[in-house]
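Each remark here refers to the structure printed beneath this line.
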Amino acid sequence: MSGSLTDIPGIRVGHAEETRALSGVTAIVFDAATVAAVDIRGGGPGTRETDLLDPERTVPGVDALVLSGGSVFGLDAAAGVTAWLAETGRGFAVGPARVPIVPAAILFDLLNGGDKEWGRYPPYRDLGYAAAAAASAGPVAMGSVGAGLGARTANLKGGLGSASATVEGTGARVAALVAVNALGRVTVGDGPHFWAAPFEEGAEFGGLGPAPTTPPDAFAWPAKPMPSANTTLAVVATDARLTKAEARRLAVMAQDGLARSIVPAHTPLDGDLVFAAATGAVPLADPVGDLARLGDAAARVLARAVALGVHRASALPVAGAQAAWRDRFGD
């Protein structure tokens, strides 16, 4: 396995960026309509077509998911992905017509120093189309790419991360992808140790292990500029066969991964959410017990993905990354 969301067969991921605007889009494209759900815990979300993910809604699956920068302007990215899917004949059948189903969520990166003077036509529709067209089943690029290009955290550059794992005793896999644009910190205070260190595999985000002590500033309220300008967006996926209600439970359990890797998380100042998707290739012998195992693994995989996104975006020792962040965004 490559250690990313595309370790789930039937899922492709693509990124597109507007570097001048310091913003971008990530498209998660499914090879076939896929069961999906969402759990929203943040107080300030921005979404499109998430209501149809409720178990009682008619549409049984989605064709793609979209994560975008740009705040409300970024919701246009889903229209670009929809256009690309329509060109390939994808979508929910309504008579002879096909209607691509593309839920989306956005994060706030309007004040990150990029040029947002785009006039009448923001770039996100074109970015969405480009991200969908670029989607591949290969390893997912991480760091300052796609929806993570302009992301920030309280003390370090944010970014896009992905991770995966097999789930013992189930025959299934889980994987996560996340754009980290959090109010909180992913490190213990301003030190080099990640909150997600207990879940690290090998030295994937530095190999330093858990912090030996908890410094006094570990739980200090973040001093990030514009504390209303935050959101962490995640997708967890599995090849297990789940209903929409079971996928929702997977998303609920996976939210623990954000709480284990970002301090604080799920605040009124964030729009934190987790999409869950299940491609259905692997039937579960014990639907209740195995779902619990999947959710537990999804939380750990998502915590790893958060740390990986910031680690790859910084690509510097922590002190250097902090300095680079302050140079770009101010104290």
Side-chain angles (χ1 to χ4, degrees), residues 5 11 13 24-28 30 34-55 57 62 64-75 77-78 81 101-109 124 128 146-148 150-153 158-163 174-184 186 228-238 242 244-278 295 298-299 301-303 305-306 309:
L5 193 73
I11 297 179
V13 174
V25 172
T26 296
I28 299 93
F30 302 104
T34 296
V35 169
V38 68
D39 185 65
I40 301 173
R41 298 289 174 93
T47 61
R48 163 185 155 143
E49 289 195 329
T50 52
D51 284 353
L52 60 77
L53 300 178
D54 288 344
R57 305 301 185 198
V62 305
L65 297 168
V66 178
L67 310 181
S68 180
S71 187
V72 67
F73 303 101
L75 291 174
V81 176
I101 306 300
V102 185
I106 49 88
L107 57 81
F108 188 102
D109 60 5
Y124 294 99
R152 305 174 292 177
T153 72
L160 188 133
S162 194
V174 294
L177 179 148
V178 60
V180 187
N181 187 59
L183 172 73
V186 301
S228 61
N230 320 285
T231 285
T232 296
L233 307 174
V235 177
V236 296
T238 179
L242 301 180
K244 288 174 76 173
E246 289 167 338
R248 170 69 192 283
R249 179 52 51 184
L250 180 65
V252 168
M253 291 189 69
Q255 288 274 14
D256 290 350
L258 299 185
R260 292 170 180 173
S261 57
I262 303 168
V263 177
H266 305 141
T267 77
L269 307 173
D270 292 279
D272 298 346
L273 63 77
V274 175
F275 289 109
V301 166
L302 181 50
V306 167

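Both backbone and side-chain heavy atoms feed into the values below; hydrogens, waters and symmetry mates do not.
By the side-chain hydrogen bond (donor to acceptor under 3.5 Å, both in side chains) test, Asp109 pairs with Ser23, sequence neighbours left out. Taking the ring pair (Phe, Tyr, Trp, His ring centres under 6.0 Å) definition, one finds that Phe275 meets it with nothing, sequence neighbours left out. For Thr50, the side-chain hydrogen bond (donor to acceptor under 3.5 Å, both in side chains) test picks out Thr47, with sequence neighbours left out. Take Arg41 and apply the salt bridge (Lys or Arg N to Asp or Glu O under 4.0 Å) test, not counting sequence neighbours, and it matches Asp39. In this structure Ser261 satisfies the side-chain hydrogen bond (donor to acceptor under 3.5 Å, both in side chains) test with no other residue, sequence neighbours excluded. Residues forming a side-chain contact (heavy atoms from CB on, under 4.5 Å) with Ala77 (at least two apart in sequence, or on another chain): Val25, Val66, Ser68, Tyr124.
Arg57 places a side-chain N or O within donor-acceptor distance of the main-chain N or O of Asp51, the cut-off being under 3.5 Å. At least one donor-acceptor pair under 3.5 Å links the side chain of Lys244 to the backbone N or O of Asp54. Although no hydrogens or angles enter the test, the distance criterion places no donor-acceptor pair under 3.5 Å between the side chain of Thr26 and the main chain of Gly146. Under a 3.5 Å cut-off, the side chain of Asp272 and the backbone N or O of His266 do form a donor-acceptor pair.
Taking the side chain as every heavy atom from C-beta outward, Ile28 and Leu67 approach each other to under 4.5 Å.
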Q: Check the pair Leu250 / Val236 against side-chain contact (heavy atoms from CB on, under 4.5 Å), numbers first and verdict last.
A: CA-CA 8 Å; Leu250 180 65; Val236 296; 4.3 Å; yes
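Note that CD1 of Ile11 and CG of Leu5 are 4.5 Å apart. Values are rounded to the nearest 0.5 Å.
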